[in-house]
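Everything below concerns the one structure shown next.
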Amino acid sequence: PISRESLTEARRSVRELRPEPLEQAMLDDALTDVAERFATLHGLPVRTESAGSVRSLAPEVEVALLRTAQEALTNVARHARATRVALTLTYLDHEVALDVCDNGRGFELATARETRSEAGGYGLVAMRQRVEGLFGALHVESAPGAGTTISARIPDVPVEVAT
């Protein structure tokens with residue numbers, strides 16, 4: 001009862017703060033739109049791909065994945081010096097996965113953990129908190145000269161039908 005009311009209120013708040021790209025589009029289309037805007041702004045092509053059975057997700061899951069993609073692309077523009085970026089959204093049986101991969105300069109993960117501030121760094125703190133707040137996981141793979149891959153996986157929570 002109280003927890004259900006809290007969840008309902010949280011979902012209502014998320015819907016009211018829904019990012020523009022998600023207002024009229026499914027997540028995969030919204031990510032394509034974000035990638036196209038990024039490519040135009042930065043002159044850096046972004047290959048987008050969707051795999052699995054596209055379906056509606058809970059609004060908080062869609063917002064978290066869209067924001068993760070936006071932050072990862074911002075990091076590519078600021079830090080990576082990449083010439084290619086790929087964004088893949090995969091609908092799995094019980095979760096949805098987002099991968100953002102670039103061929104940029106990469107970085108040493110241990111050094112990044114030691115030198116980043118909680119407010120800044122590579123934006124990884126905010127991405128991690130957003131994804132883990134939905135019982136998901138964020139993984140970062142990077143090495144100097146080898147590019148970076150940000151992978152977010154969030155359980156696919158069924159969208160509740162309003163009664």
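This is a predicted model, so every value here is computed, not measured. Index from 1, following the sequence.
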Quick one: [atom1] on [X] to [atom2] on [Y], what's the gap to the nearest 0.5 Å?
X	Y	atom1	atom2	answer
D102	L73	CG	CG	9.5 Å
H139	D99	NE2	CG	10.0 Å
T74	R78	OG1	CZ	6.0 Å
L27	S50	CG	OG	7.5 Å
D28	L98	CG	CG	11.5 Å
L124	N75	CG	CG	6.0 Å

Side chain of R105, backbone of H79: donor and acceptor closer than 3.5 Å?
->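 Yes: the side chain of R105 pairs with the backbone of H79.
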
Would you find a donor on one side and an acceptor on the other, under 3.5 Å apart, between the side chain of T68 and the backbone of M127?
->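 Side chain of T68 to backbone of M127, a donor-acceptor pair under 3.5 Å: no, none is there.
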
So, for [X] and [Y], which heavy atoms are closest and what is the spacing to 0.1 Å?
X	Y	answer
P144	E108	CD-OE1, 3.7 Å
A39	P45	CB-CA, 4.3 Å
I150	A72	CG1-CB, 4.2 Å
S142	G147	OG-O, 3.0 Å
E60	L134	O-CD1, 3.3 Å
L44	A82	CD1-O, 3.3 Å

Can you find a pair of side-chain heavy atoms, one from D156 and one from Y91, that are under 4.5 Å apart?
->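 No, too far: nothing below the 4.5 Å cut-off.
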
Would you call M26 and S56 a side-chain contact if the rule is heavy atoms closer than 4.5 Å?
->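 A side-chain contact under 4.5 Å exists here.
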
Identify whether V54 and L89 are in the same connected component of the hydrophobic contact network (ILVMFWY, side-chain heavy atoms under 4.5 Å).
->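 Linked within one cluster.
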
Identify, with sequence neighbours excluded, every residue that meets side chain to side chain donor-acceptor pair (under 3.5 Å) alongside [X].
X	result
N103	T83
E141	none
T88	none
T149	none

When you look at L138 and Q129, which way does the side chain to side chain contact (heavy atoms under 4.5 Å, CB included) test go after all the steps?
-> CA-CA 9 Å; L138 185 85; Q129 289 173 341; over 6 Å; no

Start with the C-alpha distance between R128 and V140, add both sets of side-chain angles, then the distance that settles side chain to side chain contact (heavy atoms under 4.5 Å, CB included), and finish with yes or no.
-> CA-CA 10 Å; R128 188 173 307 283; V140 180; 4.2 Å; yes

Could you note down all residue pairs passing ring pair (Phe, Tyr, Trp, His ring centres under 6.0 Å) where residues 38-66 supplies at least one of them, sequence neighbours left out?
->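 Every ring pair (Phe, Tyr, Trp, His ring centres under 6.0 Å) pair that includes a residue of residues 38-66, provided the two are not neighbours, is F38-H42.
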
Which residues share a salt bridge (charged side-chain N to carboxylate O under 4.0 Å, His left out) with [X], sequence neighbours left out:
X	value
R153	E95
E49	R47
R81	none
R84	none

Verdict with supporting geometry, I154 and F135, side chain to side chain contact (heavy atoms under 4.5 Å, CB included) | CA-CA 7 Å; I154 299 178; F135 305 101; over 6 Å; no

By side chain to side chain contact (heavy atoms under 4.5 Å, CB included), which residues pair with T32, not counting sequence neighbours?
->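 Expected list: E36, T48.
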
